[in-house]
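Shown next, in structure tokens, is the structure this report addresses.
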Amino acid sequence: MMQSATGEVDDAGGNNVPQLLVSVQDWPEAIAAIDANVDLLDFKSPSRGPLAPVSPTLWQRAACQMGTGTHAGSSNVPRLSAALGETDQARDVAASVPSEFAYAKVGPSGCGSRAELIRLWDQIRNDLSPHTQLVAVAYADHQAARCLPWDQVLMAALHAGMTRFLVDTFDKTSASSIQLLGWHGMARLHQRSRQAGIRWMAAGRLKLTDVMGFARHDCLPDGFGVRGDVCGGNRVRPIDRQRVDRWRRQVALCRNENP
Ligand SMILES: O=C[C@H](O)COP(=O)(O)O
């Protein structure tokens with residue numbers, strides 16, 4: 001078992017990083033992702049926004065089947081993650097997230113100050129089970145989302161005692177997080193997260209070919225989050241199992257090259 005700078009034990013097993021998170025919108029997609037051995041199964045409704053929630057019924061189903069590790073036919077038990085939506089929507093649904101979920105994420109759009117963001121996180125954390133960790137989300141296109149840039153979200157997360165940080169994009173029709181921040185920005189983000197002892201995950205219209213770019217620029221995150229690229233570019237279409245397999249192999253390659 002590996003312990004992070006924040007004292008957290010790596011529950012995925014030793015230096016098994018980076019990990020792969022795949023966002024799914026229904027149960028057939030969840031089964032495909034589980035069978036492809038993803039590390040994190042993230043429930044999200046991609047046609048309704050960057051971090052829109054699925055119905056609580058689907059959360060319950062996942063909790064029942066995965067919480068007990070009884071998904072028939074697969075030995076893989078990924079950890080569960082719930083996208084809660086942006087601000088008010090997240091406030092409405094947070095209390096319905098089953099305690100079997102390891103992580104939840106709230107979109108920060110419209111939170112233009114650190115105080116506002118921390119108030120939102122406090123409200124959501126209050127409604128989540130103590131077993132569910134809230135992940136701080138920054139949008140690389142923060143101007144489009146009318147929220148704070150990533151470095152200020154990271155500092156706020158540190159202040160609020162959060163230990164996980166996701167960089168994503170708000171506008172899913174435009175640039176990727178890499179195009180928005182550049183490799184220089186990604187390297188800074190990586191360095192600042194490491195200094196802060198916060199685990200970070202890269203997302204935001206990433207492509208399979210980007211994975212090795214992170215390795216080349218010496219800024220491999222603790223995880224990659226993907227949806228659009230495993231759907232063949234259109235994130236509202238169903239995920240393609242072969243594409244998930246390719247992502248899993250590529251991420252595994254990083255693991256082997258960065259022991
Ligand atoms: O949390 C990860 C997101 O679902 C990424 O979605 P995307 O790859 O379509 O930008």
Side-chain angles (χ1 to χ4, degrees), residues 17-26 29-30 32-34 36 38-54 58-59 62 78-86 89-90 97 101-109 132-142 144-145 147 150 153 157 162 164-181 186 189 193 199-211 213-214 221-241 243-248 250-251:
V17 290
Q19 302 200 316
L20 177 61
L21 171 149
V22 169
S23 298
V24 298
Q25 61 182 338
D26 55 30
E29 286 193 4
I34 295 163
V38 303
D39 302 297
L40 291 144
L41 194 56
D42 177 50
F43 287 85
K44 173 178 299 179
S45 189
S47 59
R48 297 194 299 124
L51 286 176
V54 298
L58 184 53
W59 286 341
R79 279 163 302 146
L80 301 175
S81 157
L84 305 180
E86 306 297 315
Q89 185 177 35
V97 177
F101 275 65
Y103 307 110
K105 304 176 286 191
V106 53
S109 66
T132 306
Q133 250 190 72
L134 187 64
V135 176
V137 177
Y139 286 131
D141 50 349
H142 68 99
C147 57
W150 69 263
V153 177
M162 295 162 88
R164 291 181 188 262
F165 179 65
L166 168 78
V167 176
D168 203 340
T169 49
F170 178 69
D171 179 353
K172 293 295 180 184
T173 63
S174 189
S176 72
S177 55
I178 299 169
Q179 290 167 327
L180 287 157
L181 302 181
M186 283 293 178
L189 195 159
S193 302
R199 292 175 180 221
W200 80 284
M201 177 166 281
R205 308 204 70 214
L206 297 182
K207 292 197 167 39
L208 184 66
T209 47
D210 294 328
V211 173
F214 283 89
D222 298 292
F224 291 102
V226 63
R227 167 79 198 174
D229 201 50
V230 295
C231 302
N234 180 352
R235 68 198 305 272
V236 302
R237 299 197 54 190
I239 62 170
D240 174 342
R241 166 66 198 271
R243 285 176 177 269
V244 180
D245 284 337
R246 268 182 242 138
W247 263 87
R248 190 185 45 73
Q250 190 71 325
V251 170

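Start at 1 and go down the list; that is how both ligands and their atoms are numbered. Quick note: residue numbers are just sequence positions, from 1.
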Can you name the residues that form a salt bridge (charged side-chain N to carboxylate O under 4.0 Å, His left out) with [X], not counting sequence neighbours?
X      : result
Arg235 : none
Arg241 : Asp245
Arg227 : Glu29

Please determine, by modelled atom types, if Ser109 and Glu86 share a side-chain donor-acceptor pair under 3.5 angstrom.
-> yes
Taking Asp229 for its side chain and Leu208 for its backbone only, find out whether a donor-acceptor pair lies under 3.5 Å.
-> yes
Any donor and acceptor pair, going by atom type alone, linking the side chain of Asp240 with main-chain N or O of Val230 inside 3.5 Å?
-> no
Check: every ligand 1 N/O to protein N/O pair under 3.5 Å:
residue  : atom   : partner : partner atom : Å
ligand 1 : 1 (O)  : Lys44   : NZ           : 3.1
ligand 1 : 1 (O)  : Lys105  : NZ           : 3.4
ligand 1 : 4 (O)  : Ser23   : OG           : 2.7
ligand 1 : 4 (O)  : Lys44   : NZ           : 2.7
ligand 1 : 6 (O)  : Arg235  : NH2          : 3.2
ligand 1 : 8 (O)  : Arg227  : N            : 2.9
ligand 1 : 8 (O)  : Gly228  : N            : 3.3
ligand 1 : 9 (O)  : Gly228  : N            : 2.9
ligand 1 : 9 (O)  : Arg235  : NE           : 2.7
ligand 1 : 10 (O) : Lys172  : NZ           : 2.6
ligand 1 : 10 (O) : Arg205  : N            : 2.7

